[in-house]
Amino acid sequence: MSKIGFIGLGNMGGPMAANLVKAGHHVAGFDLAAPAKEGFKKAGGSLAKSAAAAVAEAEVVVTMLPAGPQVRQAYAAEGGILASAHKSALLIDSSTIDVDTARAVTKAAAEHGFEMLDAPVSGGVGGAAAGTLTFMCGGTDRAFERAKPVLEKMGKTIVHAGAAGNGQAAKICNNMMMAVAMVGVCEGFQLAEKLGLDLQKLFDISSKSSGQSWAMTNYCPAPGPVPTAPSNRDYQAGFTADMMLKDLKLAQQAAQSVSAVTPMGAEAAALFQFLVGSGFGPKDFSVMYRFLKSTR
Ligand code: NAD
């Protein structure tokens, strides 16, 4: 079993670290927030006094932080991971961040003699708790093979997407496609309702027709057809509109940096910006359905 340093024990990192503890690893964790620390301690983790202390003995370091600036800081700041971890440690960043920061941090890690993998996840808080996350990994073959046994204790599907940064690229492309599909489903169900079509009938037809998508069959934004969907619990997240907006902005930033043409992604980003600006940020992102219905 490995010694693991885990930085960022929030909604995702907390249950992910708990699964590593459950698998028998020795996990030293650190977070800035008291509730995150408490949860980790309750799960049997060993709480460190600082990020540096959490990674000092680690064979593997995992970070699960909010966004790029926190990741840059955690790794590259004075007394950060690159200055404190043992050179033989494998570094894994599972936060969702921009591709450029992921590549820059990996480069800085390599200059300090470390192997590093970007390994963002899909599957949400439920997947983190159940250990069924999908990991999209960017980095060398060697870093991927070293990381796999650890990632397998937190996820079910572990994919090597290519070189450094490609894990983040896969994550934002996936979420941009999903957001565009979700807006389409919201529009279709809203139009159906206004045309007097029973929504269950539309679901029965479209879930078996060419309009089918994950956003509809697993996560139907209209209450009723999919009992487990957030639409049936007042759009309690799930995956918040705030998070979706963050990922859509990352996708737009990436698209601009390589001159990719993503008009629907841009439209989805603008719509989610409007949704969040209207106070729906903490709700599940499928609340777009209720929002579209309320704006005429
Ligand atoms: P969160 O805000 O619940 O957790 C982040 C944690 O990092 C917080 O507890 C915070 O105190 C801690 N933190 C911030 N800066 C720190 C620092 N310098 N040192 C130590 N701890 C620090 O967020 P989350 O929902 O766990 O998301 C984490 C990442 O996973 C994000 O990048 C998010 O986009 C991504 N993600 C989230 C979900 C989801 O459904 N929540 C799904 C997929 C991916």
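Whatever order the structure lists them in is the order used to number ligands and atoms, beginning at 1. Sequence positions, counted from 1, serve as the residue numbers for this chain.
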Which residue holds the protein heavy atom closest to [atom], what is that atom called, and what is the gap in Å?
atom                    : value
atom 12 (C) of ligand 1 : Asp31 OD2, 3.2 Å
atom 44 (C) of ligand 1 : Thr96 OG1, 3.7 Å
atom 13 (N) of ligand 1 : Leu65 CD2, 3.6 Å
atom 1 (P) of ligand 1  : Asn11 N, 4.0 Å
atom 19 (N) of ligand 1 : Leu32 CG, 3.8 Å

Next on the checklist: Going by the closest heavy atom to atom 42 (C) of ligand 1, which one wins out of Met12, Met243, Met64?
Outcome noted: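 Among Met12, Met243, Met64, the closest heavy atom to atom 42 (C) of ligand 1 comes from Met12.
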
Checklist entry - Taking atom types as modelled, is there a side-chain donor on Asp93 or Tyr75 under 3.5 Å from an acceptor on the other? => result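 Checked: Asp93/Tyr75 side chains show no N/O donor-acceptor pair below 3.5 Å.
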
Hey, is ligand 1 close enough to [X] that some N/O pair sits below 3.5 Å?
X      : answer
Leu9   : no
Asp247 : no
Pro66  : yes
Ser122 : no

Checklist entry - What do the steps show when you test Leu91 against Ile81 for side-chain contact (heavy atoms from CB on, under 4.5 Å), and what is the final call? => result CA-CA 9 Å; Leu91 311 179; Ile81 295 165; 4.0 Å; yes

Going by the atom numbers of ligand 1, which of them fall below 4.0 Å from some non-hydrogen atom of [X]?
X      : value
Ile7   : 19 (N), 20 (C)
Gly10  : 3 (O), 4 (O), 6 (C), 9 (O), 26 (O)
Ala33  : 11 (O)
Lys246 : 31 (C), 32 (O), 33 (C), 34 (O)

Checklist entry - Between Leu65, Val121, Val62, which is the residue that forms a side-chain contact (heavy atoms from CB on, under 4.5 Å) with Ser95? => result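 Considering Leu65, Val121, Val62, a side-chain contact (heavy atoms from CB on, under 4.5 Å) with Ser95 is found only for Leu65.
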
Item to check | Within reach of ligand 1, part of Met244 (heavy-atom separation under 4.0 Å) | outcome: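 For Met244, no heavy atom sits under 4.0 Å from ligand 1.
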
Checklist entry - Where is the tightest heavy-atom contact between Leu133 and Ala128, given as atom of each residue plus distance? => result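 Nearest heavy atoms, Leu133 then Ala128: CD2-N, 3.5 Å.
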
Item to check | Audit row: Lys153, Asn19, side-chain contact (heavy atoms from CB on, under 4.5 Å) steps and yes/no | outcome: CA-CA 6 Å; Lys153 300 295 179 218; Asn19 279 330; 5.6 Å; no

Checklist entry - Lys293: what forms a salt bridge (charged side-chain N to carboxylate O under 4.0 Å, His left out) with it, not counting sequence neighbours? => result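 Salt bridge (charged side-chain N to carboxylate O under 4.0 Å, His left out) list for Lys293, sorted by chain: Glu193.
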
Next on the checklist: Within the protein, is there a heavy atom lying under 4.0 Å from atom 4 (O) of ligand 1?
Outcome noted: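 It does: a protein heavy atom is found less than 4.0 Å away from atom 4 (O) of ligand 1.
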
Item to check | With sequence neighbours excluded, residues passing side chain to side chain contact (heavy atoms under 4.5 Å, CB included) with Ala164 | outcome: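 If we apply the side chain to side chain contact (heavy atoms under 4.5 Å, CB included) test to Ala164, skipping adjacent residues, the hits are Thr106, Asp118.
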
Item to check | Check against side-chain contact (heavy atoms from CB on, under 4.5 Å), Asp31 and Phe40 | outcome: CA-CA 9 Å; Asp31 196 290; Phe40 177 65; over 6 Å; no

Checklist entry - Going by an N to O cut-off under 4.0 Å, is there a salt bridge joining Arg290 and Asp234? => result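 Yes, Arg290 and Asp234 are salt-bridged.
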
Checklist entry - Would you find a donor on one side and an acceptor on the other, under 3.5 Å apart, between the side chain of Thr240 and the backbone of Met243? => result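 Checked: pair present.
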
